[in-house]
S.K.: 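Sending over a structure as structure tokens; questions will come in a sec.
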Protein chains: 4
Amino acid sequence: MAPLNDEQLHQIRDERREQIKTAAIQIFAKKGIINAKMSMIAETAGISNGLLYHYFKSKDELFLSLIQEAMAETEAALRSIYAFPGTPIEKIRALTAEILDESGSPYFMLIHQARTSDGVPEKVKQLLEKYSMKVFIDILLPVFQEGQRAGELASDDPAELIACYLSVLSGVMVVHSNGIDDYRIPKADMLLRLIEGAKRD
Amino acid sequence: MAPLNDEQLHQIRDERREQIKTAAIQIFAKKGIINAKMSMIAETAGISNGLLYHYFKSKDELFLSLIQEAMAETEAALRSIYAFPGTPIEKIRALTAEILDESGSPYFMLIHQARTSDGVPEKVKQLLEKYSMKVFIDILLPVFQEGQRAGELASDDPAELIACYLSVLSGVMVVHSNGIDDYRIPKADMLLRLIEGAKRD
Amino acid sequence: MAPLNDEQLHQIRDERREQIKTAAIQIFAKKGIINAKMSMIAETAGISNGLLYHYFKSKDELFLSLIQEAMAETEAALRSIYAFPGTPIEKIRALTAEILDESGSPYFMLIHQARTSDGVPEKVKQLLEKYSMKVFIDILLPVFQEGQRAGELASDDPAELIACYLSVLSGVMVVHSNGIDDYRIPKADMLLRLIEGAKRD
Amino acid sequence: MAPLNDEQLHQIRDERREQIKTAAIQIFAKKGIINAKMSMIAETAGISNGLLYHYFKSKDELFLSLIQEAMAETEAALRSIYAFPGTPIEKIRALTAEILDESGSPYFMLIHQARTSDGVPEKVKQLLEKYSMKVFIDILLPVFQEGQRAGELASDDPAELIACYLSVLSGVMVVHSNGIDDYRIPKADMLLRLIEGAKRD
DNA sequence: GATGAATGAGAATTCATTCAT
DNA sequence: AATGAATGAATTCTCATTCAT
């Protein structure tokens, strides 16, 4: 009889938003912004078309909100490198393994879609500039420089080294992110060779 | 003015088809199958919308014919490794450099699109199975095995090594293929480290 | 707390209905039937969307009930002319001033909307015929005829004179009713010139 | 066999655009921007939905282009007052008669819709400011002032007099513009009384 | 061969209305 | 009585494809 109380409503709203986001990440990552149909997202989330718009004003807003989350998560993941134990290369290996872990893959794909697709809303483009690769490079610079001083890493220009490393990481996540077995995700150890110093053993 | 003879007509027809294909490769690679509009392709090719349909029965047929070409080119590029001089690693380095050369990038992108997009016509899917990565691995297997015997290459399972290597190559080409400077194409020398044996100098 | 008795419930119900009607008049008059959104009306009335439908079965029913009220009010306003003191022209001036008073404007707008919009429910159309301008003309006919006999009014056909006068009144209220200063509501004295006899001083 | 030549294409395009504009004026004037459905316009113009968008990029653009035309026509109509022969009041009578001529009515309605509706695109709003009533007042000011000096016109503030006069004109056109006979368009002579000097005979 | 006007099916979004609580 | 989540039909707009010339 009585209407739902605030707490119940809040819970329903939160659940629905998560439900929608989870569905949307999959669909957007797989299809790109334009190919992703709101009706697919609604169906995947198990709700009606209309309800989708109750929670997100538009496709663009939904996409933006996912990208924001993906960016924040990615930045946090990179920053977490300093929490790993060991020498620089061990830190990098741990970070690499964490990123390669498939569970994070849709986020990389999403950011790739945002960077490369047409039809990306203006707000998303602004966000991408704020979080350009330079930001990520700056985060990793200290640990790479320390690794170079220790002779653990190749002696290329460190910023360039990081940029290439992140490009390769993004690349393999992207080509792999569709469940097609043709593309392999290399083991972290193999990817590390890209950046290791010459005299590894 | 006498009417053109059969041969001339045939030649015009072939030229137009090439013109269209060239335009279509760019557009498909950049936008993906569904985002690529037939009207953009026509405009890029400098012809009318209607004429496109004189040369290709449908968007699907056009796409299929491009993928066929891309596959054949890619296969040929891989086979050409045996024409390069030098030791296995030198052959691989030469092949890598050739692939990384940006001019070839649209083909990789196209194949990636075909593998990962939805809305890909059934015939294209069949073609992709015929040319699965296994085919490419088989082509490269002899040179990789020889490289391992010579101690030039890492001693991982060779098929896996090739799969990972091709995945990384595809990945960097794909993420880079939109002219966004954030993503770097590493130098061939750097990528080679992925597969080189431990004792490089 | 004893449950509310029937009378109290009835009173609450009536208050709510008035609250809703007041909100609805504003919104309908400003936006037109189709542009007026039930959610706006609910918000303006300070109640939930769902509750609106407890009190009015549908948008159409709500609109119909407003038009009924507007018609009745308008008719009453016209009839009140006989309660004003003075000569015919003084009565008409008083009536005009009352109508021009902005507070009454939404009613005119509403009736105009009803007459001119599509998407008006059938029932409303029937009501409009019942209260066609002829009814209003008949109400005012005696006072206009008396004014003509007294030489205070122009000697046009009296029914036509009234029809034109009411059209002008409706017109200025309608074009003015959106708070855009470009359109002026003329003073009653000016409008009276429309119908005054030639020899005014 | 040969494609249509430029002239023929041009002619087709022009005809279609006129056809669409004519249909659109009716529909917009009658229904307002939001209520007017593109499908109605297409149907009235006797073309497909898609073709409408071949000629006008969007509903907004179509509306804007009509408003521009309406504004220009209205301004031209007002300026034409100086081409009429006779004294100021005779000029004004001629202009009034021309405006009241029903054929022009949709234009007035259109401008009214643009001024008063919601959902009016930003560009249209800007246009409305550029052509605010002040512009129209300025055009008519000289002839009204001359009329006042000649004692032909009432001695109210002339700008106010014009504003009221134009408001009344707009008003009667608007309420009448739906083919409902309840609302009358007064004769020009009657409307002139609004502004005539006291001692008319 | 060549053109571009024309069509229509499909996708995003809005909103009246219903329903569980 | 009251709430707001949920639904689905209707509307704008896009684009592959066809067709008259």
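Protein chains get the first letters and strands the later ones, always in sequence-line order, with residue 1 at the start of each.
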S.K.: Applying ring-ring contact (aromatic ring centres under 6.0 Å, His included), name anything that partners B:Phe108, two or more places apart in sequence or on another chain.
M.R.: none
S.K.: Output the rounded distance in Å from CG (A:Asp60) to P (E:dT13).
M.R.: 7 Å
S.K.: Got a sec, which residues hit salt bridge (Lys or Arg N to Asp or Glu O under 4.0 Å) with D:Glu18, two or more places apart in sequence or on another chain?
M.R.: none
S.K.: Pick the nucleotide of DNA chain E nearest each of B:Ile47 and A:Gly50; which residue has the one closer to the 5' end?
M.R.: B:Ile47
S.K.: What is the separation between atom CD on A:Glu15 and atom P on F:dA5, rounded to the nearest whole Å?
M.R.: 13 Å
S.K.: Taking only N and O in the side chain of A:His54, is any of them less than 4.0 Å away from OP1 or OP2 of F:dA5?
M.R.: yes
S.K.: Quick check for you: among E:dG4, F:dG4, E:dT13, whose closest atom lies nearest to any side-chain atom of A:Asn49?
M.R.: E:dT13
S.K.: So, does D:Arg13 get its side chain near the phosphate of E:dA5, meaning an N or O under 4.0 Å from OP1 or OP2?
M.R.: yes
S.K.: Whole angstroms only, please: what is the CD-C1' distance between D:Glu7 and E:dT3?
M.R.: 17 Å
S.K.: What integer distance in Å separates B:Ile20:CD1 from E:dG1:P?
M.R.: 11 Å
S.K.: Both distances under 3.5 Å, Watson-Crick or G-U wobble: on that basis, could you give the dot-bracket string for DNA chain E, with [ ] for crossing pairs and | for other-strand partners?
M.R.: .||||||||||||||||||||
S.K.: D:Glu15: what forms a side chain to side chain donor-acceptor pair (under 3.5 Å) with it, not counting sequence neighbours?
M.R.: D:Gln11
S.K.: Take atom CG of A:Asp6 and atom P of F:dA5, then tell me their distance rounded to the nearest Å.
M.R.: 11 Å
S.K.: Using a 4.0 Å cut-off on heavy atoms, which residues in residues 35-46 of chain B reach DNA chain E? List them by number, or say none.
M.R.: none
S.K.: I'd like to check the ring-ring contact (aromatic ring centres under 6.0 Å, His included) partners of C:Tyr107; sequence neighbours left out, ordered by chain and number.
M.R.: none
S.K.: Look at all strands and tell whether A:Leu52 reaches a base, only sugar-phosphate, or nothing, counting heavy atoms closer than 4.0 Å.
M.R.: nothing
S.K.: Hey, can you pull the donor-acceptor pairs under 3.5 Å for the side chains in residues 35-54 of chain D, sequence neighbours left out?
M.R.:
unit_1	atom_1	unit_2	atom_2	d
D:Lys37	NZ	D:Ile34	O	3.3
D:Thr44	OG1	D:Met40	O	2.8
D:Ser48	OG	D:Leu51	N	3.2

S.K.: Round to a whole Å and report the spacing from CD of A:Glu61 to P of E:dT13.
M.R.: 10 Å
S.K.: Given atom NE2 of B:His10 and atom P of E:dG1, what is their separation to the nearest angstrom?
M.R.: 10 Å
S.K.: Under 4.0 Å from OP1 or OP2 of F:dA6: is there any side-chain N or O of A:Tyr55 that close?
M.R.: yes
S.K.: Checking contacts here: which listed nucleotide (E:dG1, F:dA6, F:dA1) is nearest the side-chain heavy atoms of A:Ile12?
M.R.: F:dA6
S.K.: Going by side-chain contact (heavy atoms from CB on, under 4.5 Å), name the residues that satisfy it together with D:Thr22, two or more places apart in sequence or in a different chain.
M.R.: D:Gln26
S.K.: Can you tell me if A:Tyr53 touches the phosphate of E:dT14, counting only side-chain N or O atoms and a distance under 4.0 Å to OP1 or OP2?
M.R.: no
S.K.: Just the rounded figure in Å: distance from P of E:dA5 to CG of D:Leu9.
M.R.: 6 Å
S.K.: Nearest to the side chain of B:Lys59, which nucleotide is it out of E:dG4, E:dA12, F:dA16?
M.R.: F:dA16
S.K.: What I'd like to find out is whether the side chain of C:Arg17 reaches to under 4.5 Å of the side chain of C:Phe56, using heavy atoms alone.
M.R.: yes
S.K.: Looking only at heavy atoms, what is the nearest atom pair of B:Lys125 and B:Val120, with distance?
M.R.: CE-O, 3.8 Å
S.K.: Return the set of residues passing salt bridge (Lys or Arg N to Asp or Glu O under 4.0 Å) with C:Lys59 (not counting sequence neighbours), or none when no residue passes.
M.R.: none
S.K.: If you assign each of D:Leu51 and C:Arg16 to its closest nucleotide in DNA chain F, which residue comes earlier from the 5' end?
M.R.: C:Arg16
S.K.: About how many Å separate CD1 of A:Ile111 and CG of A:Leu66, when rounded to the nearest 0.5 Å?
M.R.: 11.0 Å
